[in-house]
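Read through the structure below, which is laid out as C-alpha cells, and then see the notes.
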Protein chains: 2
Amino acid sequence: MTPTIKDVAAHAGFSIATVSRAINAPHTVNPVTLARVREAIDALKFRPNPLGRQLRGERTRLIGVVLPTLANPVFAECLQGIDELAAAQGFRLMLMTTQYDAERERHAIETLRAQRVEGLILTVADADTHPLLDELDADGPLYVLMHNDTKRRPSVSVDNHQAACDGVRMLIAHGHRRILMLAGTLAASDRARQRHAGYALAMQQAGLTPAPALEVDFNAQELAPSVLAHLTSGPARPTALFCSNDLLAMVVMRGLRRARLRVPQDMSILGFDGLAMSELLAPPLASIGTPNRDIGCEAWQCLMARIGGQYAGPLANTLPHTLRTGGTIAAIAHAPLGARGSAIDRGLELGGALS
Amino acid sequence: MTPTIKDVAAHAGFSIATVSRAINAPHTVNPVTLARVREAIDALKFRPNPLGRQLRGERTRLIGVVLPTLANPVFAECLQGIDELAAAQGFRLMLMTTQYDAERERHAIETLRAQRVEGLILTVADADTHPLLDELDADGPLYVLMHNDTKRRPSVSVDNHQAACDGVRMLIAHGHRRILMLAGTLAASDRARQRHAGYALAMQQAGLTPAPALEVDFNAQELAPSVLAHLTSGPARPTALFCSNDLLAMVVMRGLRRARLRVPQDMSILGFDGLAMSELLAPPLASIGTPNRDIGCEAWQCLMARIGGQYAGPLANTLPHTLRTGGTIAAIAHAPLGARGSAIDRGLELGGALS
DNA sequence: TTGAAAGCGCTAACAA
DNA sequence: TTGTTAGCGCTTTCAA
C-alpha cells in the first residue's frame, strides 16, 4: 500500500531516523545523504503520515470549527476567512455544524477534543451559560468564539447591543415612532438578547416604549397570517421593522409585498448582517453589517496567538460594525415637528460615534 | 493530562486489552468486568483517542471535502447535506477550499491523502482533464465529484447541458429571439461549457444564432460599462439574458436597474442555481434549480457505498433539475405570430420532458 | 474470559 | 553525521 518511512529508509539505504531527520531537520544531515533520501522519497512518492506524528504527541496541526449552520452566509463567510489563513499556515480544519442544537454542540466539541485538535473556533447558541466552555477553560484545548458577544470568554464579535442601538436610533432619526423588532425562532441566543436590549435602549432614550420581539419562523419562507395582521392592521401599526437578520428581513419584505404594502413607503425595514446579497435587492436592504470574513480571520489569529502562548489582546475582541443605509428606509413626514426635530438631532449626534 | 487506556486499565485493575475489548466488543467480556471497566471509564472521563485506532487500523473515519468556495451558497448547501449524514454516521469531515485554483486543488488533495482520509468528495474546476483525478483513480482514496458533470468519473450532478437547454427553450417559448448568455469570469469550468452548449443547442433548434458567452466579472458587484453598453444599445440589443448563475443574475439586474432598464419589461432574466434567496427578490428571479443539498447527500451515500465495495449505481449520477419560472421573464409580444406560435409549441413539447 | 506482546508510522533521546 | 531504540494510544493475535 502507501509507502512508509521504513520503505524510504530501505530504498535509500539509511535508517528511518535519518529519513525522519532529512524531512524534519534537513540541515542536520549530510548533503549527499539528504539527496539520496530525497530521491527515494520521490521515487516512492512517499508522504509522511501525519497520524504517526500526531500520535507521537507532536502537534496535530488540526483546528476544529463548530458552526450553527452553513445555510446562513454569515457563518459561511466566517469559515471562508478561517480557511484562508489555515491553508496558508499549514493547518487542517475539521468542521462540524450544530443547527443551534445544544446536544449537537456537545457532541461536536467532544468529537473534536477526542481528535486532539490543537484549538477550537466556534459559534454557540449561548456562550455565557455554557458548561462545555467552562470545561474547555479548565482543561483545553484553547478556543475562540465568533459572534458570541460575551465579555467572559475569548471571543471575536461586533458589539451587538451598540449596533442594534445605532440602527434603531437611525430609524428614530428618520421620524419613526412605532418600531417593532422581529426575531427568528432561534431567538434564545446571546446575540438576539443583546440586539433586543440595544433596540430597547434606543427606544427608551427617545422616550418611546419598546415592545417584546415578535417571533417569526422564517424557515417557513412565508409570513404567518397572525404576524402579518400584527404588522398591517390598525392605526397603531408599526412604521418600521427592525429584523434580527437579513434573511428574515427578506422574507418579511416578500410577505409585505404580497399584502400590498410598499417598502419603504408603507413600511421601513432594517436588517442585521449586511449580507452582500441583500444589497442587491430592489430596493437595497438597509442593514447593520458585521465583518464576517474579518471575524473569522481575527478569531484565527487570536487562537494562534493563544496557542503560541503570546496573546496579549483583550479577552473579548470587538470589531466595528457598519450601518448600511439603503432604499428600505423612508423618512416619516407626519410626525409632530418638535419631536421629529429632536429625534433627528439625537440620531445625528449618535451617528457620529459610528465606526 | 488526558487519560489513556492505560490509566483506565490501572484504575479498573485489568489489562489494557480487556479495556479495549470492553469498549469495542462488550459481549466478549465478563459482565462484572465490563461494569468495573465502565466505572473506571466514567470516573476518569476517558475518551478513546482516535489517533491510536487510526494508526493501527486503516479506518480513520475521516472524509475530505474539497470545494471551490463557500461564498457561493450552492457549495455551502452541498456541504450542509454532507455534514448532516457524516455526523449521523460518525464520520469526521476535513474541509479545504480552492477558489477554483488548480494549484490549491492539488494541494488540498495531497494534504487530504496524507491525512489518510477514507474518501474524498470534491468539486473541481474541470473534471474531465484533471491529472490528479487520474491519480486518485489509480491509487485511491475513493472519491465522488459534485457538480462536475462528467460521464468519465464518479459524480453527482444535474445534466447541465439539458438544464440550460430547457431554460433557453422556455425563453424562446416566451417569444424571445435575441438571447445572450452571460458567464462569470471563472468560465473555464466544465459546467460553464456544458451550459453554453445547451444554450447553443436550444438556439439552433429554434433557428436562431447562438452568441459566445459574454464574460462578466461579478465579484466587482458592478457591471462594467462595456458590458452594459452591449446589453442596452441598438435595436439589436438582447431581450433576454441567460446568466450562468444566480449571483451573476442579481448583479446584472442591479446594473440594468441603474441604467433605467426595467426587469422584465425591458429585459428578461434567467438565472442558474435556483438559490432560495434569489426567489425573495422583487420580482422573484426565474432560475434553473439544482438540488444542492441532495447532491451533497447523494455524493455521500455514493461514496459510502463505494468504500463498502457495494456500489451498484452508474458512474455518473444525474439528479433532476427544476425550472423555476418567475417574475423576471416576460413574454415578447412583437414577434411575428407564426414564428412565435411555433416557438411556444416547441417549448411546451420539450417542457413536458422536464422532471 | 483475560493477559502479554507485537506493531501501526513516526519522533527523539541516547549511542556510536 | 548516522543508527538504535523506546515509546505515543490503540487493536489484535496468540497463550494462558
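Note on naming: letters A, B, ... go to the chains in the order of the sequence lines (proteins, then strands), and numbering restarts at 1 for each one.
Remark: P of D:dG9 and CD of A:Gln115 are 15 Å apart, rounded to the nearest angstrom. When rounded to the nearest whole Å, the span between CD1 of B:Ile5 and C1' of C:dT2 equals 14 Å. In this structure, the CG atom of A:Leu55 is 14 Å from the C1' atom of C:dA12, given to the nearest Å. For the pair B:Gln54 CD and C:dG9 P, the computed distance is 14 Å after rounding to whole Å. Distance B:Arg36 CZ to C:dT1 C1': 13 Å, rounded to the nearest Å. We find that CZ of A:Arg59 is positioned 12 Å from P of C:dT11, with the value rounded to whole Å. Residue B:Arg61 contributes atom CZ, which lies 17 Å from atom P of D:dC10 at whole-angstrom precision. Taking atom CZ of B:Arg53 as the reference point, atom C1' of C:dG9 lies 19 Å away to the nearest angstrom.
For C:dG7, the OP1/OP2 oxygens have no side-chain nitrogen or oxygen of A:Lys6 closer than 4.0 Å. Distances shorter than 4.0 Å separate none of the side-chain N or O atoms of A:Thr18 from OP1 or OP2 on D:dT2. Applying the 4.0 Å criterion to OP1 and OP2 of C:dT11, one finds that A:Asn24 has a side-chain N or O inside that range.
For B:Ile16, the listed nucleotide lying nearest its side chain is C:dA5; candidates were C:dA5, C:dT11, C:dG9. In the set C:dT1, D:dC8, D:dC10, C:dT1 carries the atom at the smallest distance from any side-chain atom of B:Asn30. Checking D:dT4, C:dC10, C:dG9 against the side-chain heavy atoms of A:Phe46 singles out C:dC10 as nearest. Side chain of A:Ala17, nearest nucleotide from C:dC10, D:dG3, D:dG9: D:dG3.
Among the protein residues, A:Pro48 comes within range of the sugar-phosphate backbone only, with heavy atoms under 4.0 Å from sugar or phosphate atoms but none that close to a base.
With respect to the salt-bridge test (charged N to carboxylate O, under 4.0 angstrom), the residues B:Glu103 and B:Arg106 qualify.
No side-chain donor from either of A:Arg116 and A:Gln54 sits under 3.5 Å from a side-chain acceptor of the other. Defined by atom type and a distance below 3.5 Å, a donor-acceptor pair is missing between the side-chain atoms of B:Ser155 and B:Asn148. With no hydrogens or angles considered, a side-chain donor-acceptor pair links A:His147 and A:Asn292 at under 3.5 Å.
Scanning atom types as modelled, no donor and acceptor separated by under 3.5 angstrom connect the side chain of A:Arg56 and the base of D:dG9. Counting atom types as modelled, A:Arg47 pairs no side-chain N or O with a base atom of C:dG9 as donor and acceptor under 3.5 Å.
Between B:Asn49 and B:Arg21, the residue anchored nearer the 5' end of DNA chain D, judged by the nucleotide with its closest heavy atom, is B:Asn49. Positionally, the nearest nucleotide of DNA chain D for A:Gly13 lies more toward the 5' end than for the other of B:Val19 and A:Gly13.
At a threshold of 4.5 Å between non-hydrogen side-chain atoms, the residues A:Phe91 and A:Met304 count as touching.
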